[in-house]
Amino acid sequence: MESVADVDLLIIGGGINGAGIARDAAGRGLKVMLCEAEDLGGATSSASSKLIHGGLRYLEYYKFCFVREALAEREVLLSIAPHAVWPARFVLPLGEGSRPAFLIAAGLFLYDRLAPRKHLQRSERLDLRTAPEGAPLKECFKRGFAYADCRTDDSRLVVLNAADARERGATVLTRTRCVSARRGPENWRAALAGPGGGRMEVTARAIVNAAGPWAGEVLHKALGLPPSGMLRLVKGSHIIVRRLYEGEQCYVLQNDDGRIIFVMPYEGSFTLIGTTECPFAGDPAAVSVSGEEIAYLAQAVSRYFRKPLSPQDTVGSFAGVRPLYGSAAEKAGAITREYVLSLDAPQGSAPALTVFGGKITTYRRLAEDAIEKLAPFLHPPRPARWTASAPLPGGGMKGQDFGLFLQMLGVKYPWLGSAILYRLARAYGTRAERILGSAREAADLGTDFGSGLFAAEINYLMDEEFAGTAGDILWRRTKLHLRLTQEQTDRIGAYVDARAQSR
């Protein structure tokens with residue numbers, strides 16, 4: 001082994017749950033190491049519908065406590081990350097085959113009242129014949145409802161948690177795989193394989209398996225524990241098309257098979273549509289969107305919108321595998337998104353905690369509960385829960401007022417342009433000023449690689465946000481792959497590679 005480390009907690013998996021647990025544990029004074037086999041949020045946690053929501057449809061399954069918890073978390077995340085989580089208006093048209101209006105009204109009544117709300121408006125009925133939200137829809141959709149939920153950039157939320165964990169003392173290793181771990185009476189001895197063939201041995205008083213769809217594999221192959229028979233893998237796919245309509249409202253479409261399809265503005269010039277739900281078997285790293293799924297989503301949109309959508313209109317797509325906890329008999333759509341924390345701690349042996357299920361909305365509560373389960377073994381120096389009131393990086397803006405912050409940023413950097421300023425403010429919050437610094441003109445930010453991506457931002461992402469490749473930057477940190485040409489992408493790749501080699 002080339003190096004040895006001793007930690008309180010080794011976390012395997014750098015998705016939203018792993019990053020959230022690392023942040024929580026580091027903030028309680030524990031010595032933490034997180035290893036991620038690829039990039040942070042590189043799999044499921046960057047392939048969600050990018051919603052922070054209670055889950056209106058789960059009321060149909062009487063999951064009232066689950067929805068209440070998610071709605072409460074929605075408020076917490078709005079407060080600690082006003083740049084990365086923002087309110088959105090969702091329009092639910094009624095038509096032939098929709099759930100009955102009285103049932104939806106009852107569900108929204110509960111949705112509005114299950115948890116306190118400070119930031120969001122209550123639901124309302126809409127006359128789609130006169131309301132502006134009805135303009136893109138077919139004439140047959142005359143009535144509907146509108147309600148408030150929140151949206152996020154999922155992969156950025158992962159990075160913000162990981163960055164805060166590191167700033168609180170955690171070691172975060174990307175492109176580092178846990179090859180094996182041997183359990184002893186007081187600790188685990190884990191072998192990690194890093195980039196370039198580097199090897200590390202880590203002793204840890206406890207291990208958290210937050211490997212998402214690979215949780216079963218890590219349990220069996222790396223930790224030598226029996227895999228769970230309740231882990232169900234479900235594929236969800238999304239497509240991206242050119243912007244379908246004016247306005248920032250989102251649409252919730254009730255498809256003729258009973259599924260719900262979200263249609264949302266995306267990255268300014270595009271529309272995001274999803275998701276499908278299909279049982280999945282195979283390697284989650286090889287997941288992809290099928291032609292049948294693209295056609296399915298396009299057909300669902302065409303049932304509602306005046307402008308028909310063809311599969312050929314797709315300009316991008318992504319798929320992810322959700323690791324849900326349920327029996328083989330349950331339908332994919334009915335399996336709960338509640339998380340399950342499975343603790344394996346035989347007397348006289350170091351503990352291992354495996355995370356099953358969950359959704360991005362409740363990741364912070366999941367992290368709290370994970371540390372509470374491990375607390376009797378780790379005895380954190382600061383045992384109190386703390387993450388509900390501590391802003392994520394960039395979130396400490398005055399009054400949690402994103403609009404006011406954006407206005408102030410525009411006054412300070414008027415030469416940059418509103419679209420670029422908005423993107424930087426959403427992505428980095430107050431830390432956008434770490435990128436822009438004392439710049440007085442665009443040239444001060446270095447090379448402009450296209451669409452307002454300057455060398456100064458790339459440098460920040462590599463130094464502060466764990467980015468190691470052009471793909472990390474363009475697909476997960478910024479989403480600018482949608483706007484750049486292949487030539488521009490190649491230039492960025494060459495710059496990133498040269499800078500990485502010189503470090």
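Hydrogens, waters and symmetry mates play no part in the numbers below; they use all other heavy atoms, side chains included. We number each residue from 1, following the sequence as shown.
Counted within 6.0 Å of CD on Glu139, heavy atoms from surrounding residues, nucleotides or ligands total 12 or fewer; the atom is thus considered open. Atom CD of Glu124 has more than 12 neighbouring heavy atoms from other residues, nucleotides or ligands inside a 6.0 Å radius. Remark: Phe64 CZ is packed, more than 12 non-hydrogen atoms of other residues, nucleotides or ligands lying under 6.0 Å away. For Gln299, the CD atom sits in a loose shell: 12 or fewer heavy atoms of surrounding residues, nucleotides or ligands are nearer than 6.0 Å. Counted within 6.0 Å of CD on Gln407, heavy atoms from surrounding residues, nucleotides or ligands total 12 or fewer; the atom is thus considered open. Open room surrounds CZ on Arg143; 12 or fewer heavy atoms of other groups in view lie less than 6.0 Å from it.
Of the inter-residue distances, the one linking Arg74 atom CZ with Thr362 atom OG1 reads 13.5 Å to the nearest 0.5 angstrom. Here the NE2 atom belonging to His238 is positioned 6.0 Å from the CE atom belonging to Met264, to the nearest 0.5 angstrom.
Counting heavy atoms from C-beta on, the side chains of Ile104 and Leu92 come closer than 4.5 Å. Residues Arg151 and Pro87 form no side-chain contact, since every pair of their non-hydrogen atoms from C-beta on lies 4.5 Å or further apart. A 4.5 Å side-chain heavy-atom check between Ile240 and Thr271 finds every atom pair outside the cut-off. Side-chain contact between Val252 and Ile260: present, with at least one pair of heavy atoms (C-beta onward) separated by less than 4.5 Å. Taking 4.5 Å as the limit, some side-chain heavy atom of Phe270 sits within range of a side-chain heavy atom of Arg242.
For Arg243 (side chain) and Gly268 (main-chain N/O), a donor-acceptor pair under 3.5 Å exists by modelled atom type.
Side-chain N/O atoms of Glu293 and Thr276 include a donor and acceptor closer than 3.5 Å. For the residue pair Thr275 / Arg322, a side-chain donor-acceptor distance below 3.5 Å is found, with atom types taken as modelled. For Asp313 and Ser310, the side-chain atoms include no donor-acceptor pair closer than 3.5 Å. If you check the side chains of Asn17 and Tyr339, you find no donor sitting under 3.5 Å from an acceptor. Judged purely by distance below 3.5 Å, without hydrogens or angles, the side chains of Asp149 and Tyr111 pair a donor atom with an acceptor atom. Checked by atom type, the side-chain pair Asp154/Ser48 shows a donor-acceptor distance below 3.5 Å.
Scanning both residues, Thr387 and Glu368, for their nearest heavy atoms gives OG1-OE2, 3.7 Å. Of all heavy-atom pairs between Leu51 and Thr361, the closest is O-OG1, 3.6 Å.
A salt bridge links Glu457 to Arg423: one of the charged nitrogens lies within less than 4.0 Å of a carboxylate oxygen.
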Run the side chain to side chain donor-acceptor pair (under 3.5 Å) check on Ser155 and Lys479 step by step: do they pass? CA-CA 10 Å; Ser155 52; Lys479 310 296 188 295; 2.9 Å; yes
Set out, in order, the CA-CA distance, both residues' side-chain angles and the distance that settles salt bridge (Lys or Arg N to Asp or Glu O under 4.0 Å) for Asp369 and Arg385, then state yes or no. CA-CA 10 Å; Asp369 290 347; Arg385 299 183 179 218; 3.3 Å; yes
Does the pair Phe90 and Cys250 meet the rule for a side chain to side chain contact (heavy atoms under 4.5 Å, CB included), with working shown? CA-CA 5 Å; Phe90 288 78; Cys250 308; 3.6 Å; yes
Determine, stepwise, if the pair Arg483 / Glu267 fulfils salt bridge (Lys or Arg N to Asp or Glu O under 4.0 Å). CA-CA 10 Å; Arg483 300 180 180 276; Glu267 298 298 318; 5.7 Å; no
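The distance between the ring centers of Tyr251 and Phe262 does not fall below 6.0 angstrom. Side-chain rings of Tyr428 and Tyr460 approach one another, their centers coming within less than 6.0 Å.
Ring-plane geometry between Phe402 and Phe405 is classed as tilted, the angle between the planes lying from 30 to 60 degrees on a 0 to 90 degree scale.
Legend: residues meeting side-chain hydrogen bond (donor to acceptor under 3.5 Å, both in side chains) with Arg113, ordered by chain and number and at least two apart, are absent.
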